[in-house]
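The next block holds one structure in the form of structure tokens; read it before the comments.
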Amino acid sequence: MRIATWNVNSIRSRIDRVVEVLQRHDLDVLLLQETKCRDDQFPVLPLSAAGYDVAMHGLNQWNGVAIISRAGLDDVEVGFPGMPAYGDPAVSEARAIGATVDGVRVWSLYVPNGREVGHPHYAYKLDWLAKLRDAAQGWLADDGDAQIMLAGDWNIAPTDDDVWSVEFFEGKTHVTAPERAAFRAVVDAGFADLVRPYAPGPGVYTYWDYTQLRFPKRQGMRIDFALGSPALAERVTHAEIDREERKGKGASDHAPVLVTLD
DNA sequence: ATGGTGGAACATCCA
């Protein structure tokens with residue numbers, strides 16, 4: 001089984017690339033973030049024509065997550081238990097959707113950006129990650145043999161090797177100690193980075209800002225991850241970051257991250 | 001090895 005995660009930065013503006021990625025990589029499952037549309041706006045037909053089903057969750061033009069699968073979509077769940085809301089009044093955002101595909105519980109996750117250190121959105125980000133850790137820890141406690149994938153845009157560069165310049169990011173979000181600790185807590189709960197063994201750094205990224213020629217200058221960040229429970233991790237036979245997909249007109253600012261299971 | 005951001009309610013916000 002081949003599973004990928006991708007921050008697509010608008011499904012409506014990228015649907016042709018999504019179908020092409022599904023076919024080029026012979027994907028069974030594609031987890032999307034930043035679909036940026038309501039469910040009724042989601043372009044389902046091109047995916048149906050390609051043989052895929054979709055479970056989507058979008059409330060407005062912001063955020064939005066989806067799971068595309070040609071291997072089943074069971075027990076679809078919107079949001080994880082305990083997921084925090086944001087704003088005044090606090091509203092639950094479209095940042096998490098889960099489903100079971102052929103015995104694998106997959107989650108498409110769009111971690112809050114944080115905006116600036118000290119901003120309410122930064123506290124929200126840390127709380128969201130802590131609650132995700134709690135939920136995921138509970139799933140493993142319930143069944144230590146569960147095959148669980150936590151994949152998506154984590155908006156965290158876990159180590160200095162994961163940014164093009166430590167100096168550039170000093171004092172900015174994505175690299176602060178609390179964010180890195182929150183990410184590490186999920187790993188420590190039993191969810192390993194499934195991709196890193198197959199895509200070692202430094203200088204290996206999943207995101208490049210649209211501005212300042214960041215991509216051709218190879219100035220990116222590794223912020224998109226597929227983490228897996230022990231039972232899932234032992235099934236991984238290959239993984240890669242599709243850097244080619246970041247090239248050309250109409251690219252997302254994120255690259256797809258792919259995992260192959262036996 | 002790409003083209004000086006891009007996407008969305010098209011005003012600004014968000015990333």
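Below, chain A is the first sequence line, B the second, and so on; all start at residue 1. All values derive from a computational prediction rather than experimental measurement.
For the pair A:Asn155 and A:Pro216, nearest-nucleotide mapping onto DNA chain B gives the more 5' position to A:Pro216.
Nucleotides B:dC10 and B:dC14 are separated by 14 Å at their C1' atoms, to the nearest Å. Of the C1' atoms belonging to B:dG4 and B:dA8, the separation is 22 Å, rounded to the nearest Å. Taking atom P on both B:dA15 and B:dA9, the two are 16 Å apart, rounded to the nearest angstrom.
Relative orientation of the A:Trp107 and A:Phe80 rings is perpendicular, given thresholds of 30° and 60° on the angle between their planes.
Summarising the geometry, the separation between CZ on A:Arg214 and P on B:dG3 is reported as 15 Å, rounded to the nearest angstrom. For the pair A:Lys249 NZ and B:dG4 C1', the interatomic distance rounds to 14 Å; values are reported in whole Å. The CD-C1' distance, from A:Glu93 to B:dC14, rounds to 11 Å in whole Å. One atom, CH2 of A:Trp208, and another, C1' of B:dG3, lie 17 Å apart when rounded to the nearest Å. Remark: C1' of B:dC14 and CD of A:Glu116 are 12 Å apart, rounded to the nearest angstrom. Between the CG atom of A:Asp209 and the C1' atom of B:dA15 there is a distance of 8 Å, given to the nearest Å. Remark: C1' of B:dA15 and CZ of A:Arg95 are 11 Å apart, rounded to the nearest angstrom. Distance CZ (A:Phe215) to P (B:dG4): 14 Å, rounded to an integer number of Å.
A donor atom on one side chain and an acceptor atom on the other are not found under 3.5 Å apart for A:Glu245 and A:Ser252.
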Problem set entry | Summary of protein contacts for nucleotides 6-13 of chain B, nucleotide by nucleotide, where a base hit scores B, a sugar-phosphate-only hit scores S (4.0 Å, heavy atoms) | SBSB---B

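Figure legend: cation-pi geometry between A:Arg214 and A:Phe168, with NZ or CZ positioned under 6.0 Å from the six-membered ring centre and within 45° of its axis.
Checked against a 6.0 Å centroid threshold, the rings of A:Tyr124 and A:His121 count as neighbours. Between A:Trp164 and A:Tyr207, the distance separating the two ring centers is not shorter than 6.0 angstrom.
Backbone-only contact: A:Tyr110 has heavy atoms under 4.0 Å from sugar-phosphate atoms and none from a base.
Distance from the side chain of A:Lys247 is smallest to B:dT2 among B:dT2, B:dA1, B:dT5. Out of B:dA1, B:dT5, B:dA15, the shortest distance to the side chain of A:Gln212 is found at B:dT5.
A:Tyr52 and A:Val259 fall into different hydrophobic clusters, where Ile, Leu, Val, Met, Phe, Trp and Tyr residues are linked whenever their side-chain heavy atoms come under 4.5 Å apart, directly or through other members.
Note that CE of A:Met56 is 8.0 Å distant from CD1 of A:Ile97, once rounded to the nearest 0.5 Å.
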